[in-house]
Amino acid sequence: MKKIEAIVKPFKLDEVKEALQGIGLQGITVFEAKGFGRQKGHTELYRGAEYVVDFLPKVKIEVIVEDSLAESAVEAILQAARTGRIGDGKIFVTAIEEAIRIRTGERDLQAI
């Protein structure tokens with residue numbers, strides 16, 4: 001099993017969700033997040049005063065998939081989240097040793 005974590009722009013969430021559903025994935029977890037990378041935030045003007053917005057709004061999506069679906073899921077996220085501009089985000093893929101559904105006690109692939 002693999003855990004795929006994707007940090008994307010908030011307005012891309014629906015497109016990513018639809019792309020993942022399109023390849024047959026059912027469950028995802030979404031977190032609202034703030035962060036910055038190379039763009040290092042930006043400066044805004046409010047009532048004549050200039051201030052720096054260090055942390056930009058982001059969305060973190062987590063999905064657990066069987067190994068055979070991992071590459072398809074990554075490709076779906078890449079295509080759906082890409083704008084071609086700085087700040088599009090990142091995708092991280094890690095191995096999952098075990099998954100357990102609390103309600104039933106099912107383990108591993110049956111639990112996801």
Side-chain angles (χ1 to χ4, degrees):
M1 293 179 296
K2 301 286 186 200
K3 177 180 181 180
I4 300 170
E5 298 174 82
I7 300 167
V8 301
K9 292 181 176 184
F11 67 88
K12 287 294 195 172
L13 176 59
D14 286 336
E15 290 177 52
V16 171
K17 180 185 79 166
E18 289 170 11
L20 291 172
Q21 287 174 336
I23 63 164
L25 295 181
Q26 296 177 356
I28 64 171
T29 303
V30 177
F31 303 90
E32 290 184 17
K34 292 184 178 186
F36 66 89
R38 289 186 185 157
Q39 76 246 45
K40 296 187 177 57
H42 62 275
T43 304
E44 288 190 6
L45 216 58
Y46 180 72
R47 295 188 176 184
E50 198 174 270
Y51 66 100
V52 176
V53 178
D54 288 336
F55 294 99
L56 301 173
K58 301 287 182 182
V59 174
K60 181 179 180 184
I61 301 162
E62 290 185 358
V63 61
I64 309 297
V65 299
E66 57 185 275
D67 291 340
S68 63
L69 280 177
E71 190 55 41
S72 298
V74 167
E75 193 58 36
I77 295 167
L78 273 173
Q79 296 304 316
R82 181 179 288 145
T83 67
R85 295 193 207 120
I86 194 166
D88 274 353
K90 299 268 191 303
I91 299 173
F92 305 99
V93 181
T94 54
I96 296 293
E97 291 184 29
E98 188 173 20
I100 304 164
R101 185 185 312 268
I102 294 173
R103 180 177 56 88
T104 63
E106 293 171 305
R107 292 180 179 261
D108 300 326
L109 291 179
Q110 291 76 35
I112 61 170

Next item on the list: May I ask you to decide if Glu5's main-chain N or O and Lys90's side chain share a donor-acceptor pair within less than 3.5 Å?
Entry: no

Note to self: Can you tell me if Glu98 has over 12 outside heavy atoms packed within less than 6.0 Å of its CD?
What the structure shows: yes

Distance-only check: which donor-acceptor pairs under 3.5 Å involve side-chain atoms of residues 14-26, not counting sequence neighbours?
from	atom 1	to	atom 2	distance (Å)
Glu15	OE1	Lys12	NZ	3.2

Using distance only, find each side-chain donor-acceptor pair of residues 69-77 under 3.5 Å and give its atom names and separation, not counting sequence neighbours.
from	atom 1	to	atom 2	distance (Å)
Glu75	OE2	Gln79	NE2	2.8

Next item on the list: Can you measure from CD (Glu97) to CG (Asp108) and round to the nearest 0.5 angstrom?
Entry: 10.5 Å

Check: Within the side chain of Arg101, is there an N or O that forms a donor-acceptor pair under 3.5 Å with the backbone of Gln110?
Finding: yes

Check: Among Ile91, Thr29, Leu13, which one satisfies side-chain contact (heavy atoms from CB on, under 4.5 Å) with Ile61?
Finding: Leu13

Notebook entry, point to check: Where is the tightest heavy-atom contact between Ala99 and Met1, given as atom of each residue plus distance?
Noted result: N-CE, 3.8 Å

Next item on the list: Decide whether Ile96 and Val93 are clustered together by the hydrophobic rule: side chain heavy atoms of Ile, Leu, Val, Met, Phe, Trp, Tyr closer than 4.5 Å, transitively.
Entry: no

Margin query: With rounding to the nearest 0.5 angstrom, report the CD1 to CG distance, Ile64 to Leu109.
Written below: 11.5 Å

Check: Roughly how far, to the nearest 0.5 Å, is CD1 of Ile28 from CD of Glu62?
Finding: 10.5 Å

Next item on the list: To the nearest 0.5 angstrom, please state how far the NZ atom of Lys34 sits from the NZ atom of Lys58.
Entry: 13.0 Å

Check: Out of curiosity, does Val30 fall in the hydrophobic cluster containing Leu56 (side-chain heavy atoms, cut-off under 4.5 Å, transitive links)?
Finding: no

Notebook entry, point to check: Would you say the side-chain atoms of Asp88 pair up with the backbone N or O of Thr83, donor to acceptor, closer than 3.5 Å?
Noted result: yes

Checklist line | Minimum heavy-atom distance between Glu66 and Ile112, given as atom pair plus value | finding: N-CD1, 4.0 Å

Item checked: Pro10 versus Val59, closest heavy-atom pair with distance -> CA-CG2, 3.4 Å

Note to self: Who clusters with Phe11? Use side-chain heavy atoms, under 4.5 angstrom, across I, L, V, M, F, W and Y, and order the result by chain and number.
What the structure shows: none

